[in-house]
Amino acid sequence: MPDGSEVEIWNLVFTQFNRGGPPPDNLSPLPSRNIDTGMGLERTCAMLQGVDSNFHIDILRPLVEAVAEVCGRAYDPASDDGRRIRRIADHVRACTFAIHENVLPGNNEEKYVVKRLLRRAVLDGRQMGMREPFLHKLPPMVAELMRRPYPELATTTEHVGTVIEREEESFLATIDGGLDRIEKLFAAIGKAGGSRVAGEDAAELYTTYGFPPELLETIAAERNCDFDWEGFRAAMEAHGQRSGAGRSVEVFASGPLDALKKTLHGSDFVGYDATEAEGKVVGIIAQDALCDSLTEVGHATPVTVVLDETPFYGESGGQVGDTGVLEWPGGRFDVIDTQREGGFVLHVGHLREGTLDLGGTVTARVDAARRAGLRRAHSATHLLHAALQHYLGSHAVQQGSKVDADLLRFDFSHASSIDAETLGQIEGMVNERVLEALPVAARLLPLAEARHEGAMMLFGEKYPDVVRMVTMDGVSRELCGGTHVASTGQIGLVRIVGEESVSAGTRRITAVTGQRALERFREAEASLAAAAGTLKVPVGDVPQRLTAVLKELKDLKKAKPAAAAAASPEELLAAAADVAGTRVVVADIGSGDAAAMRQAIDLLRRKASPIAVLLAGAEGGKVTLVAGISKELEARGVSAGSWIRDVATVVGGKGGGRPDMAQAGGKLVEKIPEALAEARRRIEQLLAG
RNA sequence: GGGGACGUAGCUCAAUUGGGAGAGCACCGCCUUUGCAAGGCGGGGGUUGUGGGUUCGAUCCCCAUCGUCUCCA
């Protein structure tokens with residue numbers, strides 16, 4: 001380097017051993033040895049350009065300077081801020097590329113990496129005093145610097161900026177929410193007379209609320225508190241173990257399939273045009289092991305059958321697997337699900353009759369009605385995809401989908417919710433294409449050719465050299481292995497039934513097609529007709545009538561307590577006994593409305609004092625008791641709670657509450673008079689004591 | 001894929017051990033007042049996400065489900 005220090009720019013790795021098990025005898029020679037070579041492009045540039053850091057080469061230094069400017073700092077390479085600025089530059093560059101390729105910040109896998117990078121950068125900015133989103137201003141600079149090798153970056157900087165800004169806002173909100181909790185934390189620390197933030201508390205704040213520990217440390221320092229990094233790391237380790245512990249178990253252990261792979265290349269799928277075909281049984285997997293035959297009818301755990309040729313579609317590309325039956329003379333196997341793994345189609349299900357033998361020939365019959373629904377839904381997603389691109393823009397690309405029988409879920413990138421009008425237009429366009437009855441064709445062609453013809457491809461998908469392209473005349477071209485209708489007209493009706501957010505920047509549309517769309521309309525009409533019938537009005541008048549009825553109900557409810565309380569407080573008061581200067585009201589008011597009883601007691605307490613009231617009532621075979629006493633009695637140590645507990649025992653119940661107001665219930669309605677007598681006796685004792 | 005937290009009025013959030021659903025802001029009305037977060041009085045607004053369970057009684061406890069946030073792989 002210019003300053004005389006050394007830096008590695010290129011290394012060679014000589015691979016020759018396989019490492020397995022504990023040392024010392026854990027190295028075994030590889031079948032073929034090789035040399036892996038790697039040279040750091042940016043490091044080399046740094047050498048050639050005579051600068052002291054990757055960050056100072058011609059395609060990065062301007063970005064670093066831009067970050068410094070946005071943050072209102074002068075770039076000093078040696079300072080803490082210099083480090084932060086470099087980190088922000090690096091992260092924003094990485095995220096600009098990732099988001100350009102439609103990897104949006106999210107909660108799992110690569111999406112989570114993007115989210116973490118963004119949050120780290122925002123945190124660095126915050127520690128330099130940035131309180132507002134700023135990262136989102138930088139993607140245009142990245143695009144400019146990368147203009148020559150990646151001109152396409154410039155086409156999405158606006159979208160990328162929006163996504164980044166949204167994530168920034170979300171993280172700033174997370175921090176603000178955490179600040180409230182931190183106040184409570186420091187209050188507790190202060191109260192305990194401590195001066196140290198416990199690692200466990202910090203870890204909880206981080207794992208549950210996303211509040212970064214670095215920031216907590218900074219705040220702690222401002223208040224002369226230590227930060228327990230060691231405890232924090234220990235707590236995080238424990239969290240990592242808990243999270244990693246429940247690792248998912250592969251449904252199909254690799255063992256049996258690997259054995260099959262050695263002798264066979266895979267299953268042939270023949271179901272694009274047919275739903276029935278003959279196939280030879282080449283594998284039976286039960287309890288994670290290959291078997292020669294299957295004889296036990298009525299087994300609980302599903303068994304997997306592999307055929308050399310099958311019309312069953314294994315779940316992939318969002319389309320769920322087929323169901324149906326395998327039949328042979330004297331036997332039947334119900335297929336409840338079909339999966340695909342390692343080139344094999346796995347028929348999962350239960351043997352219902354006879355014996356299934358390896359090598360035998362079976363007739364595989366797909367549930368054709370269900371398959372037809374799957375075709376309709378799948379073709380509908382392609383039309384929907386095209387319509388979304390048309391109305392929302394080219395960024396609205398597929399992020400995932402689930403295609404079920406006449407039911408589809410389609411996830412795509414889009415920053416905000418879609419208003420009802422646009423959604424209606426999208427639905428309208430899809431249905432127009434259906435009415436046009438466009439021919440749907442699928443053909444195999446080389447990947448390069450498909451790309452040249454402008455087929456829609458999804459990022460992150462690995463495509464083989466020869467791909468299947470599904471074309472709907474003039475509307476849609478997508479690479480897709482799924483099953484489709486022959487003409488869009490067969491889809492029937494497409495009805496969008498939901499639009500929601502799945503994660504930041506990704507929206508989900510749910511829709512129904514064909515039969516299910518029809519059923520949905522029928523059900524909706526039936527419910528409406530039933531409602532109209534009950535209300536005894538024409539269908540069109542249901543909304544007004546319903547609001548009127550609800551209002552009436554509400555008014556009635558409001559009026560009711562007053563009416564119930566009209567169990568005349570004057571009468572109750574007149575019938576009150578006098579126990580050592582205290583008025584005692586014990587009465588059965590007939591109804592079991594606890595709220596009304598409370599109201600009556602409040603009224604009595606306002607009218608006379610000192611006073612003790614216990615009201616009883618029954619409704620629906622249940623007894624309700626409410627007792628209340630005035631403040632003076634409470635001060636003397638009399639408790640409504642203990643009073644009512646003894647009384648409740650008589651009616652076979654329990655109760656309790658606050659000293660001045662208590663509630664209880666029971667089931668022995670016929671014992672109310674007895675309970676009231678008990679109530680009088682007890683209050684006399686309590687007042688005397 | 002797994003762990004954790006949260007769902008209460010339009011919004012931000014309270015509610016002690018399971019015992020009467022509240023505050024601030026916003027909204028409406030009246031009064032006061034020429035302004036900058038106006039003030040005073042009054043009012044409307046709730047199936048405590050949804051469905052079960054335990055209990056005399058559930059915002060609170062248990063189970064399921066949906067949704068939001070978050071960390072880890």
Side-chain angles (χ1 to χ4, degrees), chain A residues 105-113 115-116 119-120 167 169-181 183-184 200-213 232-233 235-251 498 500-504 508 510 550-551 553-555 557-558 561 565 592-603 605 615-628 639-669 671-672 675:
Chain A
N107 275 349
N108 41 38
E109 291 160 12
E110 71 276 6
K111 291 161 190 268
Y112 186 54
V113 174
K115 182 169 169 175
R116 262 219 319 215
R119 293 196 163 200
R120 176 76 238 181
E167 182 60 27
E169 280 166 356
S170 145
F171 186 48
L172 290 173
T174 297
I175 289 177
D176 282 344
L179 289 175
D180 291 346
R181 284 172 203 288
E183 285 312 320
K184 285 177 190 165
E200 263 179 43
D201 291 338
E204 198 210 329
L205 223 41
Y206 182 50
T207 61
T208 306
Y209 304 104
F211 198 88
F232 175 77
R233 290 205 187 88
M236 285 307 291
E237 177 122 347
H239 175 252
Q241 293 211 335
R242 264 200 310 282
S243 303
R247 185 124 333 134
S248 68
V249 185
E250 282 286 314
V251 184
E500 62 191 319
S501 154
V502 232
S503 64
R508 167 174 296 171
T510 309
L550 282 177
K551 188 178 179 316
L553 190 68
K554 193 177 273 181
D555 292 346
K557 256 188 189 164
K558 241 182 232 171
D593 186 345
M597 292 188 201
R598 276 194 297 266
Q599 206 171 25
I601 290 173
D602 271 343
L603 212 57
R605 284 198 298 198
L615 300 179
E619 213 163 274
K622 278 187 172 182
V623 182
T624 303
L625 303 169
V626 180
S639 150
S642 61
W643 183 19
I644 206 161
R645 254 187 288 273
D646 295 327
V647 179
T649 319
V650 180
V651 288
K654 284 183 286 190
R658 307 180 316 198
D660 70 312
M661 175 76 78
Q663 215 178 113
K667 284 173 182 152
L668 310 174
V669 179
K671 295 227 174 166
I672 290 180

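Every chain is numbered from 1, with letters handed out A, B, ... down the list of sequences. FYI, side chains are in, hydrogens and waters are out, and symmetry mates aren't considered; it's all heavy atoms of this structure. These figures come from a predicted structure and were not determined experimentally.
At a threshold of 4.0 angstrom between heavy atoms, the contacts of A:R233 with the nucleic acid are absent. Residue-level contact check: A:R116 touches the backbone only, with heavy atoms under 4.0 Å from sugar-phosphate atoms and none from bases. Nucleic acid contact for A:G210: sugar-phosphate only, since backbone atoms but no base atoms lie under 4.0 Å from a heavy atom of the residue. In this structure, A:R119 reaches the sugar-phosphate backbone alone: every heavy-atom distance under 4.0 Å involves primed, P, OP1 or OP2 atoms, never a base. The residue A:A664 sits close to a base: some heavy atom pair falls under 4.0 Å. Residue-level contact check: A:T624 touches neither bases nor backbone, having no heavy atom under 4.0 Å from any strand.
Within the 4.5 Å cutoff, no side-chain heavy atoms of A:K622 are placed close to those of A:V669. In this structure, A:R605 and A:D602 have side chains that are in contact, with non-hydrogen atoms separated by less than 4.5 Å. For the pair A:V651/A:K667, no side-chain contact is recorded, criterion being any heavy-atom separation below 4.5 Å from C-beta on.
Separating the CD atom of A:E204 from the C1' atom of B:rC71 is a distance of 12 Å, rounded to the nearest angstrom. Whole-Å rounding puts the A:H239 NE2 to B:rG4 C1' distance at 6 Å. In this entry the distance linking CD of A:E237 with P of B:rC71 reads 19 Å, nearest Å. Rounded to whole Å, atom C1' of B:rU12 lies 17 Å from atom CD of A:E183. A:E110 places its CD atom 14 Å from the C1' atom of B:rG1, with the value rounded to the nearest Å. Rounded to a whole Å, the CD1 atom of A:I175 is 16 Å from the P atom of B:rC69. To the nearest angstrom, P of B:rU70 lies 21 Å from CG of A:D201. Here B:rC69 presents its P atom at 14 Å from CD of A:E169, a figure rounded to the nearest Å.
When the C1' atom is used for both B:rU12 and B:rG7, the distance is 14 Å, rounded to whole Å. For the C1' atom pair drawn from B:rU59 and B:rU8, the interatomic distance equals 7 Å after rounding to whole Å. Rounded to the nearest Å, the gap between the P atom of B:rA38 and that of B:rC25 is 11 Å. Taking atom P on both B:rU55 and B:rC60, the two are 16 Å apart, rounded to the nearest angstrom. For the C1' atoms, the distance from B:rA37 to B:rU50 is 39 Å, rounded to whole Å. Rounded to whole Å, the P atom of B:rC71 lies 26 Å from the corresponding atom of B:rC63. Taking atom C1' in both B:rG67 and B:rG49, one finds a spacing of 8 Å when rounded to whole Å. Comparing B:rA14 with B:rG24, their C1' atoms are spaced 10 Å from each other, to the whole Å.
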### Message
Let me check I have this right: for RNA chain B, each base becomes ., (, ), [, ] or |, based on Watson-Crick or G-U pairs with both distances under 3.5 Å. What is the full string?
### Response
(((((((..((((.....[..)))).(((((.......))))).....(((((..]....)))))))))))).
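Among the nucleotides B:rG20, B:rA5, B:rG3, the one closest to any side-chain atom of A:T207 is B:rG3. In this structure, of B:rG3, B:rU70, B:rG57, it is B:rG57 that holds the atom nearest to the side chain of A:K622. The side chain of A:T208 approaches B:rG4 more closely than any other nucleotide in the set B:rG20, B:rG4, B:rG2. For A:R658, taking side-chain heavy atoms from C-beta onward, the closest of the listed nucleotides B:rG3, B:rA5, B:rG20 is B:rG20. Of the candidates B:rA5, B:rC56, B:rU70, B:rU70 carries the atom nearest the A:N107 side chain, counting heavy atoms from C-beta on.
Judged by distance alone with a 3.5 Å cut-off, a donor-acceptor contact links the side chain of A:R605 to the base of B:rG20.
Taking CD of A:Q599 as the start and CE of A:M597 as the end, the distance is 12.5 Å to the nearest 0.5 Å. For the atom pair CD (A:Q663) and CZ (A:R658), the distance works out to 10.5 Å, reported to the nearest 0.5 Å. Here the OH-CG distance, from A:Y209 to A:L179, works out to 14.0 Å after rounding to the nearest 0.5 Å. Taken to the nearest 0.5 Å, the CE atom of A:M661 stands 5.0 Å off from the CD1 atom of A:I601.
With RNA chain B read from its 5' end, the first of the two nearest nucleotides for A:A662 and A:K115 is the one closest to A:A662. Toward the 5' end of RNA chain B, the nearer of the two residues A:G653 and A:T174, judged by each one's closest nucleotide, is A:G653.
The closest side-chain donor-acceptor pair between A:R119 and A:S170 falls under 3.5 angstrom.
Taking both residues in full, the closest heavy atoms of A:F171 and A:G210 are given as CE1-O, 4.0 Å, listed atom of the first, atom of the second, then distance.
With a 6.0 Å cutoff to the six-membered ring centre and a 45° limit on the axis angle, A:R181 does not count as a cation-pi contact of A:F211.
One finds no side-chain N or O of A:T649 lying less than 4.0 angstrom from the OP1 or OP2 phosphate oxygen of B:rC56.
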